[in-house]
Amino acid sequence: WTNIEAKRRTDWSNFKDQDSFALIRDPKERIVSAWKSKVNCDTKAEIKEHRGDIVPKLLNLVGPSSNITARTDKGFPCLDLSEYLAVLSQIHGQGREGLLDGHFLPQHLGCFKDVPPSMWTVVTTIGGPNALCSLKSVVTKSANMSNTDDDCQMIKTHASAKGFELLKPTRADEVILDRITSKEYEMLGQYLNNA
């Protein structure tokens, strides 16, 4: 699909009268994926330039109360998983998670900040069995959203969150992940389970 431009909506008064589609991700997978592609110290050199300011912005957002500093020995600022999660935990603890970059912003503070998922026509994950047909029906304004054939599944090519368990997170990492994603799971859990 081409020539589709997304803009942040400012007028929500007639939202329920329009078709809408929201693509969500598992909150923990999303947080780990953001670390792997934006903050991780072991990232391939070809994407370094795309993330040079992300770690400093995270550390700036947490403020001087944090005793965490970025590693720079790789030629770019980076954090290991435990440091990254500790920074996010501090930001959430300060109530500043709404100021996070879109890669780290909790989903309930993005698309669903002004309109809950229950008011959207479709809320699904990219792996949802009807995701593509649902998107097509919303965009083309057709009523057929119930197809379940192979043509309805989106092809998922972004898999940086795979293998979280292979990262060997500490128990403390898992506790932080549970805490900082709890509101997202509370809001989106039923949609994640249905996908």
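All residue numbers in this chain count up from 1 along the given sequence.
Note that CG of Leu188 is 10.5 Å distant from OG1 of Thr181, once rounded to the nearest 0.5 Å. With rounding to the nearest 0.5 Å, the separation of CD in Gln90 from CG in Leu59 is 9.5 Å. Within the model, atoms CD1 of Ile31 and CG of Leu81 stand 10.5 Å from one another, a figure rounded to the nearest 0.5 Å. Note that the OG atom of Ser66 and the CG atom of Asn60 stand 11.5 Å from one another [nearest 0.5 Å]. Between the NE2 atom of His103 and the OG atom of Ser33 there is a distance of 9.0 Å, given to the nearest 0.5 Å.
In terms of heavy atoms, Ser137 sits closest to Ser134 at OG-O, 2.8 Å. Counting all heavy atoms, side chain and backbone alike, Leu105 lies closest to Gly110 at CD2-CA, 4.0 Å. Of all heavy-atom pairs spanning Ala34 and Tyr84, the tightest one is CB-OH, 3.7 Å. Summarising the geometry of Ala131 relative to Thr125, their closest heavy-atom pair is CB-O, 3.6 Å, with the distance given to 0.1 Å. Here the closest non-hydrogen pair linking Cys41 and Phe76 is O-CZ, 4.0 Å.
Contact check for Leu58 versus Leu88: side-chain heavy atoms found under the 4.5 Å cut-off. Proximity of Pro116 to His108: side-chain heavy atoms (C-beta onward) are nowhere separated by under 4.5 Å. Considering only heavy atoms from C-beta on, Leu177 comes within 4.5 Å of Leu85 through its side chain. Considering only heavy atoms from C-beta on, Leu109 comes within 4.5 Å of Glu97 through its side chain. A 4.5 Å side-chain heavy-atom check between Leu100 and His92 finds at least one atom pair inside the cut-off. Counting only heavy atoms from C-beta outward, the side chains of Phe21 and Thr124 approach each other to under 4.5 Å. Residues Leu23 and Val123 have side chains not in contact (no heavy-atom distance under 4.5 Å, counting atoms from C-beta outward). Ser118 has its side chain within reach of Tyr191: a pair of non-hydrogen atoms, C-beta onward, lies under 4.5 Å apart.
A side-chain donor-acceptor contact under 3.5 Å links Thr170 to the backbone of Asp173. Looking only at distances, a side-chain donor or acceptor of Arg96 sits under 3.5 Å from a matching main-chain atom of Leu61. Checked by atom type and distance alone, the side chain of Gln94 pairs as donor or acceptor with a backbone atom of Val62 at under 3.5 Å. Panel note: side chain Tyr185, backbone Leu192; no donor-acceptor pair is recorded below 3.5 Å. Asp80 places a side-chain N or O within 3.5 Å of a backbone atom of Glu83 that can act as its donor or acceptor partner. In this structure a side-chain-to-backbone donor-acceptor pair under 3.5 Å is missing from Trp120 to Asp19. Counting only distance, with no hydrogens or angles, the side chain of Glu29 and the backbone of Asp26 share no donor-acceptor pair below 3.5 Å.
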* Starting from the C-alpha separation in whole Å, work towards a yes-or-no answer on side-chain contact (heavy atoms from CB on, under 4.5 Å) for Glu184 and Lys28. => CA-CA 9 Å; Glu184 284 180 272; Lys28 290 179 186 176; over 6 Å; no

* Hey, mind stepping through Arg179 and Ser89 against side-chain hydrogen bond (donor to acceptor under 3.5 Å, both in side chains) and telling me if it holds? -> CA-CA 8 Å; Arg179 186 173 59 249; Ser89 179; 2.6 Å; yes

* To do: Apply the test side-chain contact (heavy atoms from CB on, under 4.5 Å) to residues Cys78 and Asn40: give CA-CA distance (whole Å), side-chain angles for both, the deciding distance (0.1 Å), then the verdict.
  => CA-CA 6 Å; Cys78 60; Asn40 180 7; over 6 Å; no

* Asked: Under the side-chain contact (heavy atoms from CB on, under 4.5 Å) criterion, do Ile126 and Arg25 qualify, and how do the steps go?
  -> CA-CA 8 Å; Ile126 198 165; Arg25 285 184 76 183; over 6 Å; no

* Asked: Can you check salt bridge (charged side-chain N to carboxylate O under 4.0 Å, His left out) on Lys38 and Asp101, steps first, answer last?
  -> CA-CA 11 Å; Lys38 308 291 182 228; Asp101 174 274; over 6 Å; no

* Asked: What do the steps show when you test Lys183 against Glu186 for salt bridge (charged side-chain N to carboxylate O under 4.0 Å, His left out), and what is the final call?
  -> CA-CA 5 Å; Lys183 291 179 184 175; Glu186 185 178 313; over 6 Å; no

* Asked: Under the ring pair (Phe, Tyr, Trp, His ring centres under 6.0 Å) criterion, do Trp35 and Phe104 qualify, and how do the steps go?
  -> CA-CA 9 Å; Trp35 170 73; Phe104 315 107; over 10 Å; no

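In the hydrophobic cluster analysis, where Ile, Leu, Val, Met, Phe, Trp and Tyr join through side-chain heavy atoms closer than 4.5 angstrom, Val55 is grouped together with Leu99. No continuous path of ILVMFWY side-chain contacts below 4.5 Å connects Val32 to Val175, so the two sit in separate hydrophobic clusters.
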